[in-house]
Amino acid sequence: IAANPGNPQPGDLIEIFRPAYQHWALYLGDGYIINVTPVDEGPSSSFASAKSVFSRKARVRMQLLKDVVGDDTYQINNKYDNTYPPLPVEEIIRRAEYYIDQEVSYDLLGNNCEHFVTLLRYGERVSEQVSRRFLSAFPSSSEATLTGCGGAVAKNQSGITIGCSRYHCCTSFSIP
């Protein structure tokens with residue numbers, strides 16, 4: 001990660017490197033970002049972001065990038081621009097501003113911080129981070145199989161099936 005992460009522009013995706021995962025935000029301009037944080041937490045921090053992993057609800061907050069990053073590092077990462085065309089910047093910002101201070105549902109696999117900001121930028125919920133971690137959890141062909149949605153599917157001990165394509169995580173569903 002470069003010591004100088006660059007000069008973010010409105011609508012850029014910001015990847016923040018926490019000790020065990022990446023947190024995602026969208027740059028609004030003038031030093032501010034929008035991101036999701038746990039409902040019952042104040043300002044974002046590494047701990048607060050980690051806590052959101054176990055929460056079912058999140059609050060969308062507009063905060064200073066420097067405050068959210070804290071002692072961690074970050075980079076501008078519009079990594080899906082070659083796959084999905086970004087919406088016009090004015091549309092991205094308008095959509096982002098609509099969500100400020102709103103409570104939203106949160107799901108690590110299907111509706112996390114990366115899904116949120118990619119929805120704002122591209123109009124698509126995308127999280128390669130979830131797909132990569134999911135696929136690494138089921139490395140053998142006996143545990144994961146390819147399906148019509150183009151991804152891995154695995155059934156856990158509770159009978160819940162989780163499926164991911166390369167970029168999209170499908171909704172969890174039960175198999176009888």
Q: Might you work through the side chain to side chain donor-acceptor pair (under 3.5 Å) test for R61 and N35, ending with a clear yes or no?
A: CA-CA 6 Å; R61 291 194 166 85; N35 71 139; over 6 Å; no
Check whether any side-chain heavy atom of [X] sits under 4.5 Å from a side-chain heavy atom of [Y], and report yes or no.
| X | Y | result |
| --- | --- | --- |
| Y122 | P85 | no |
| I16 | Q75 | no |
| L28 | P10 | no |
| L26 | I92 | yes |

Reported [atom1]-to-[atom2] distance for the pair [X] and [Y], which is rounded to 0.5 angstrom:
| X | Y | atom1 | atom2 | answer |
| --- | --- | --- | --- | --- |
| L119 | R95 | CG | CZ | 5.0 Å |
| C113 | I34 | SG | CD1 | 12.5 Å |
| Y106 | R56 | OH | CZ | 10.5 Å |
| L13 | L120 | CG | CG | 9.0 Å |
| E15 | Q22 | CD | CD | 5.0 Å |
| I100 | R59 | CD1 | CZ | 12.5 Å |

**Q.** R94/E97 salt bridge by N-O under 4.0 Å criterion
**A.**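 No, E97 and R94 are not salt-bridged.
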Q: Applying side chain to side chain donor-acceptor pair (under 3.5 Å) between Y80 and each of E128, R121, E124, E114, report the one that passes.
A: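 Testing Y80 for a side chain to side chain donor-acceptor pair (under 3.5 Å) against E128, R121, E124, E114 leaves exactly one candidate, E114.
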Q. Out of N77, I33, T118, N112, which one pairs with W24 under the side-chain contact (heavy atoms from CB on, under 4.5 Å) rule?
A.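 Passing option: N77.
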Q. Taking the six-membered ring for Trp, are Y99 and F116 ring centroids under 6.0 Å apart?
A.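 Yes.
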